[in-house]
Amino acid sequence: MSTQQDNIFQQIISHAKEYGFVFPSSEIYDGLSAVYDYGPYGSELKKNIREYWWKSMTQLHDNIVGIDAAIFMHPTTWKASGHIDNFSDPMIDNKDSKKRYRVDHLIEAKADTLAQEGKKEEEFALLQKMDNLLAAEDFDGLKQLILDNNITCSVSGTANWTDIRQFNLMFKTEFGAVAADNPDDNIVYLRPETAQGIFVNFLNVQKTARMKIPFGIAQTGKAFRNEIVARQFIFRMREFEQMEMQFFVRPGTEAEWYKFWKEERLNWHLSLRLPKEKYRYHDHIKLAHYAKEACDIEFEFPIGFKEVEGIHSRSNFDLSQHQQYSRKKQQYFDNDINPATGKPYGNYIPYVIETSIGLDRMFLLILSNAYEEEKITKEDGSTDSRVVLHIPAKIAPVKLAILPLLKKDGLPEIAQELLASCKPYFKCFYEEKDAIGKRYRRQDAIGTPFCVTIDHQTKEDNTVTIRYRDSMQQERIPISKVKQLVLEAI
RNA sequence: GCGGAAGUAGCUCAUUUGGUAGAGCGGUAGCCUUCCAAGCUUCAGGUGGCCGGUUCGAGCCCGGUCUUCCGCUCCA
């Protein structure tokens, strides 16, 4: 990352705070690490992105319905999903190189070395010991295992290790007002992903909405991860919002649906007229425990290419796990005729294709892509600059600014009339203070795509000046056409 | 969490070896103004991140602490 790109990212963060998009959480108490609040314009923009996604999923696809599941879920959910076992990694630091390792990765690397040296038995014994110690959560024993096997840091080459510490990425809290005899009995977790709320409701949704495979369930909502370190502004937060869709398909068709959603989701991004050259796919080679195929949609942020969205082929892992842990059948009866047998496909646990996008990341994507410090050459040849957010009109926080040129001669009254006729349909902003140029710049800074100005000519022929954010061009149109023009753009 | 850097008004920064904090921009209220940050006036806003130490005296020196940024790690 270059210093210049670094600066741009800093400027975007400053701009976001100064113009009421994003504030650090609890800022008067020095903030809370990796937690942020959305301000007046930020909450509008975030809501608009969420609605744009929701509409594209549940309204434009006939076979996708939405749900809104609770953040709290039965603790066994996380046992079944694998989060309790796989979401807490013991870590160890080398004091000399300051490099941090996952303990299992470190020991496995040593085992690989032993295998290459032909010491198969030692390799096996080492892994066996590690598994036992991990299962027992015996961190002292694991550290001793590392020391006994003379495992060193690849950077410093020393065995100067810290103690092993557990980082559980799920937030815990207590459920119910009365303390239980066994404290473990009333522990609940804040969900680390929204997907499980969809899986456990699979049959409820399928039956009540009378869905036939293939179909999808969409959901937006908060998720929580106690990250070891969370930084880079709203890119990695401890509390964040996901927009997820789980698409249930007949086993054997998952590859084609994976391909379909991979393309479909990129097209969604491009439908906001975001630059195609800043997007790329990143196919996963090393897969998560549940995944069959997986890729990320990455976007080139000022801090480099980063993941915005993931598309995963999850097989029937999640539903099978829930069937096993809940002892409730998670099957679907497929009445369609299988041409190979001439009979219905029958009962099966569906396969799942997941699309999962971070709303906060999408917000940051929009902001990074929109932000521009533009140099302007004026008519008299002098130069000027403006900060403008080229936010797509469909999701801009404010759609239209209504500005009387002067705050007298009846101009504000006409402007108020226009405001009253537009504000039931979209978000407007009214201002009569300061010079017109200054008001335009303020609207540029929050990304308002249209400004209209009411002047004396309006009183004569009912026309107004409309000024476009991106081109700064302006033209006269009848005041009666303003609402329609904005509605067509959003 | 570990290592590096930084913290003075909303923002950008001053305060030249320690002597009780200032400017520009922005904001606010008003005057004036017929289209891209114009001008004049008014007002608001800081116990110098916080705590402690040295000193007659600390924004400045020392220690601790908190927060932010960068790297390691993880992921949406």
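Every chain is numbered from 1, with letters handed out A, B, ... down the list of sequences.
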Choosing from [options], which nucleotide comes nearest the side chain of [X]?
| X | options | result |
| --- | --- | --- |
| A:Met472 | B:U34, B:C36, B:C69 | B:C36 |
| A:Lys17 | B:A76, B:G10, B:U34 | B:G10 |
| A:Tyr440 | B:A76, B:C36, B:U68 | B:C36 |
| A:Leu406 | B:A76, B:C35, B:U33 | B:U33 |

Side chain of [X], backbone of [Y]: donor and acceptor closer than 3.5 Å?
| X | Y | value |
| --- | --- | --- |
| A:His312 | A:Thr355 | no |
| A:Arg225 | A:Met170 | no |
| A:Lys262 | A:Trp257 | no |

Rounded interatomic separation in angstrom, taking [atom1] from [X] and [atom2] from [N]:
| X | N | atom1 | atom2 | result |
| --- | --- | --- | --- | --- |
| A:Arg238 | B:C74 | CZ | C1' | 11 Å |
| A:Gln10 | B:U12 | CD | P | 10 Å |
| A:Ile436 | B:C35 | CD1 | P | 10 Å |
| A:Arg476 | B:U34 | CZ | C1' | 10 Å |
| A:Asp409 | B:U33 | CG | P | 10 Å |
| A:Glu432 | B:U34 | CD | P | 16 Å |
| A:Ile466 | B:C35 | CD1 | C1' | 14 Å |
| A:Phe301 | B:A76 | CZ | C1' | 11 Å |

Between A:His269 and A:Tyr279, how do the two ring planes meet: parallel, tilted or perpendicular, split at 30° and 60°?
perpendicular
query = Do the ring planes of A:Tyr41 and A:Phe21 sit parallel (below 30°), tilted (30 to 60°) or perpendicular (above 60°)?
reply = tilted
Looking at the base of [N], is there any donor atom on it, or on the side chain of [X], that sits under 3.5 Å from an acceptor on the other one?
| X | N | result |
| --- | --- | --- |
| A:Arg361 | B:C75 | yes |
| A:Thr465 | B:C35 | yes |
| A:Arg386 | B:C36 | no |
| A:Gln474 | B:C36 | yes |
| A:Arg236 | B:C75 | yes |

Rounded [atom1] spacing from [N] to [M] in Å:
| N | M | atom1 | answer |
| --- | --- | --- | --- |
| B:G59 | B:G22 | C1' | 13 Å |
| B:C62 | B:G24 | P | 33 Å |
| B:U12 | B:A6 | C1' | 16 Å |
| B:G57 | B:A38 | P | 49 Å |
| B:A37 | B:G1 | C1' | 46 Å |
| B:U41 | B:C56 | C1' | 44 Å |
| B:C75 | B:G26 | P | 47 Å |
| B:A29 | B:C70 | P | 37 Å |

With sequence neighbours left out, the residues meeting ring pair (Phe, Tyr, Trp, His ring centres under 6.0 Å) with A:Tyr258 are none
| task | Using the side chain to side chain donor-acceptor pair (under 3.5 Å) rule, take A:Glu293 and A:Ser313 through it: C-alpha gap first, then chi angles, then the decisive distance, then the call. | result | CA-CA 5 Å; A:Glu293 272 188 286; A:Ser313 180; 5.1 Å; no
Problem set entry | A:Arg314 to A:Tyr351 six-membered ring, cation-pi geometry met (6.0 Å, 45°) | no
Checklist entry - Distance under 6.0 Å and angle within 45° of the ring axis: does A:Arg50 meet both against A:Trp53? => result no
query: Think A:Lys408 has a side-chain N or O under 4.0 angstrom from the OP1 or OP2 of B:U34?
result: no
Any side-chain donor paired with an acceptor under 3.5 Å for A:Thr77 and A:Gln196?
no
Closest to the 5' end of RNA chain B, once A:Gly437 and A:Ile13 are matched to their nearest nucleotides, is A:Gly437
Walking RNA chain B from its 5' end, the first of A:Val35 and A:Gln242 to be reached, judged by nearest nucleotide, is A:Val35
Check: A:Tyr38 ring centre within less than 6.0 Å of A:Phe363 ring centre: yes
TODO: Using a 4.0 Å heavy-atom cut-off across all strands, classify A:Phe299 as base, sugar-phosphate, or nothing.
DONE: nothing
Full working for side chain to side chain contact (heavy atoms under 4.5 Å, CB included) between A:Thr173 and A:Phe72: CA-CA 10 Å; A:Thr173 190; A:Phe72 293 136; 3.9 Å; yes
In 5'-to-3' order, the base (B), backbone-only (S) or no-contact (-) status of each nucleotide in nucleotides 26-31 of chain B, using a 4.0 angstrom heavy-atom cut-off, is SSSS--
Intra- and inter-strand pairing of RNA chain B, written as dot-bracket with Watson-Crick and G-U pairs under 3.5 Å and | for the latter, reads (((((((..((((.....[..)))).(.(((.......))).).....(((((..]....))))))))))))....
